[in-house]
Amino acid sequence: MSETRVYESYDIAVVGAGHAGIEAGVAAARLGCRTAVFTTSADMVGNMPCNPAIGGTAKGHLVREIDALGGQMAKAADATFLQSRMLNKGKGPAVHSLRVQSDRARYHGYMKKLLESTDNLFLKQAEIVAIKRDEHGVCAVETALGAQIPVKAVILCTGTFLGGTIHIGETSFSSGPDGTHASNALVDSLKQLGVQLRRFKTGTPARVNRRSIDFSVLERQDGEEPVVPMSFDTTKKLKNQVCCYIAYTNENTHDIIRANLDRSPLYSGRIDGIGPRYCPSIEDKVVRFADKKRHQIFVEPCGLDTDEMYIQGMSSSLPEDVQIAMYRSMKGFEHVEFIRPAYAIEYECCDPLQLRPTLEFKDIPGLYGAGQFNGTSGYEEAAAQGLIAGINAALRLQGRPPFVLTRADSYIGTLIDDLVTKGVIDPYRMMTSRSEYRLLLRQDNAQARLTEKGYTIGLVTEKSYKLYKKREAAKQKEIARLREQGIAPSERLDDLLVSRGTAPLAAGTKLAELLKRPQISYDDLAPFDPGRPVLEPMVKEQVEIEIKYEGYIRRQQAEAEHMRKLESRRLPADADYASIEGLRLEAREKLQKIRPENVGQASRISGVSPADISVLLIWLEKQTMERRRGHA
């Protein structure tokens with residue numbers, strides 16, 4: 001065995017340079033910690049092994065929140081922007097979600113340059129094979145070349161590299177995404193540390209050559225103008241640069257898949273990992289939804305300087321010859337040429353019930369997890385966790401209080417609370433339905449919710465903070481003006497109201513009251529409101545939403561306040577739940593295992609009933625009274 005050599009030390013080691021690792025590394029470095037980001041290949045920084053897109057339903061909310069806290073993903077999305085669309089515009093503002101198609105190669109380049117140029121941050125191409133700990137917690141990492149590097153904290157952002165296995169039909173081999181080598185040695189080291197691992201699976205579709213597709217028979221999907229930037233800091237005008245397209249599978253496609261299910265590792269039993277429930281492979285969709293005659297497929301470019309096209313909705317682990325046959329069965333794809341076949345990948349991840357809300361392991365001080373390592377799927381979920389893990393690792397080393405977002409603060413808080421309180425049985429994906437406070441947690445108001453917090457921590461720059469304060473002041477001033485400004489009935493106004501399907505005015509009213517009508521928009525009132533100021537589109541949007549949904553917002557704020565009161569009731573870290581009389585057996589077992597930090601978190605644990613929470617509150621009150629008697 002070669003001699004172990006100690007190299008220069010760092011405060012924090014980030015293992016992995018994907019979307020979680022980038023946010024973790026940049027946040028920790030910008031907060032003043034000497035941080036090293038390790039990757040098995042510097043060419044994989046910020047890689048998009050699946051769709052080169054940022055955002056989408058609920059995911060756009062996460063990206064806006066990352067941005068409001070001082071993170072990087074939204075800025076990179078705008079800098080490498082190809083096409084933008086606002087999803088769910090036909091529904092209420094709570095579920096409006098921005099989605100950006102990015103240039104895959106340029107996104108990588110942008111993020112690699114960011115890591116290379118950030119002060120206190122050191123990008124290192126090296127495979128981490130072991131994590132060392134002493135009586136105080138994490139103390140070092142070891143590379144495959146035998147270098148032992150002293151550190152004070154480690155953030156695991158291993159993505160699908162950890163114990164990765166690629167499956168394509170009857171062929172399986174050890175690999176990370178896109179043919180990179182897997183990180184296998186680290187698996188044994190984590191098990192020795194006591195980390196409980198499980199096996200998950202995900203997949204990606206084939207990439208095909210643009211020249212081999214007949215776009216004339218596909219549905220064209222243009223971007224929306226004017227483009228809404230992903231980042232609150234982006235003030236320059238963006239313009240859509242590409243078109244996307246929609247195709248469909250057909251009965252012939254489905255017959256080809258059904259005839260070859262015996263060759264699918266998913267159905268032959270060779271894949272043990274649990275796959276994503278909300279993003280199934282095409283063979284899984286055909287089996288599960290046997291009554292559907294066709295499935296929608298999205299055809300999207302990978303970049304401006306490549307002819308690679310991403311075929312969203314066609315992820316598969318079938319053999320390559322079957323893949324080619326089923327693709328060529330679709331209209332417009334009769335002569336399609338593959339550049340990269342589809343594949344499934346199995347990988348190791350942790351049970352997130354082992355983590356605190358800071359994303360630090362409960363039993364391993366200084367060790368944090370983020371991204372797919374925590375059992376999630378998606379670039380956006382990964383980046384959100386990376387940001388929080390990076391912040392908390394830095395704060396811990398600096399002796400500062402931890403940074404924990406609640407469910408009422410953000411989708412990030414909801415995501416992490418779900419992971420550490422409820423755990424996961426398959427790859428977790430953020431959805432708006434997971435939040436109880438959707439109207440409070442809109443993507444448009446992420447700055448109002450989180451920028452003050454990001455500024456206090458030290459991540460939001462002075463320039464960004466001043467821009468936020470300026471917008472917030474303009475919004476509040478306009479809301480106040482609309483509540484005070486009256487408007488009298490007139491024939492022209494009545495004509496507008498009737499044309500919109502709402503009743504004419506019987507008497508004068510305030511502009512805000514008129515705006516509360518569902519049929520009337522803020523811009524509809526412009527001809528009748530000569531005193532209105534010129535506002536940015538995002539400020540106008542927030543003004544309208546906050547006035548129009550005022551009653552609903554207040555109701556959710558009251559619900560959130562009730563939950564905050566429960567979360568303010570801290571539970572002792574050493575509480576013996578088995579000895580608390582009145583708790584049901586299942587509640588005792590769950591509380592003993594998860595060890596929630598407060599009553600609010602305890603109330604969200606599966607198997608803990610409202611009656612159990614009442615018992616906990618009574619027990620806490622008794623504990624408080626006994627402590628007071630002891631001090632008397």
Non-hydrogen side-chain atoms of [X] and [Y] separated by less than 4.5 Å:
X      : Y      : result
Thr451 : Leu69  : no
Leu459 : Leu31  : yes
Phe298 : Ile246 : yes
Met48  : Ile54  : yes
Cys33  : Gln398 : yes

[X] (side chain) donor-acceptor with [Y] (main chain) under 3.5 angstrom:
X      : Y      : result
Gln125 : Ala42  : yes
Glu65  : Ser410 : no
Ser102 : Ala53  : no

Cation-aromatic face contact Arg442/Tyr549, 6.0 Å, 45 degrees: no
Quiz item: cation-pi between Arg471 and Phe232, 6.0 Å / 45°: no
Is there a donor in the side chain of [X] and an acceptor in the side chain of [Y], or the other way round, less than 3.5 Å apart?
X      : Y      : answer
Asp409 : Thr406 : yes
Tyr411 : Gln443 : no
Ser216 : Asp214 : yes
Asn392 : Glu360 : no
Gln385 : Glu381 : no
Tyr465 : Glu452 : yes
Asn445 : Arg64  : no
Tyr310 : Gln101 : no

Could you tell me whether [X] atom [atom1] has more than 12 heavy atoms of other residues or ligands within 6.0 Å of it?
X      : atom1 : value
Lys516 : NZ    : yes
Phe215 : CZ    : yes
Arg400 : CZ    : yes
Asp119 : CG    : no

Salt bridge check, [Y] against [X]: does any charged N sit closer than 4.0 Å to a carboxylate O?
X      : Y      : result
Asp529 : Arg481 : yes
Asp11  : Arg396 : no
Lys113 : Glu116 : no
Lys540 : Glu544 : no
Arg85  : Glu300 : no
Asp233 : Lys463 : no
Arg104 : Asp178 : yes

Step-by-step side chain to side chain contact (heavy atoms under 4.5 Å, CB included) determination, Met111 to His19: CA-CA 9 Å; Met111 287 304 199; His19 305 283; 5.8 Å; no
Test side chain to side chain contact (heavy atoms under 4.5 Å, CB included) applied to Val15 and Phe373, step by step: CA-CA 11 Å; Val15 182; Phe373 176 76; over 6 Å; no
From CA spacing to verdict: ring pair (Phe, Tyr, Trp, His ring centres under 6.0 Å), Tyr327, Phe338: CA-CA 10 Å; Tyr327 273 67; Phe338 274 28; 5.0 Å; yes
Mutual orientation of the aromatic rings belonging to Tyr10 and Phe38 [parallel < 30°, tilted 30-60°, perpendicular > 60°]: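 Taking Phe38 first and then Tyr10, their aromatic rings stand perpendicular (interplane angle over 60°).
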Distance, nearest 0.5 Å, that separates CD1 of Ile22 from CG of Leu114: 7.5 Å
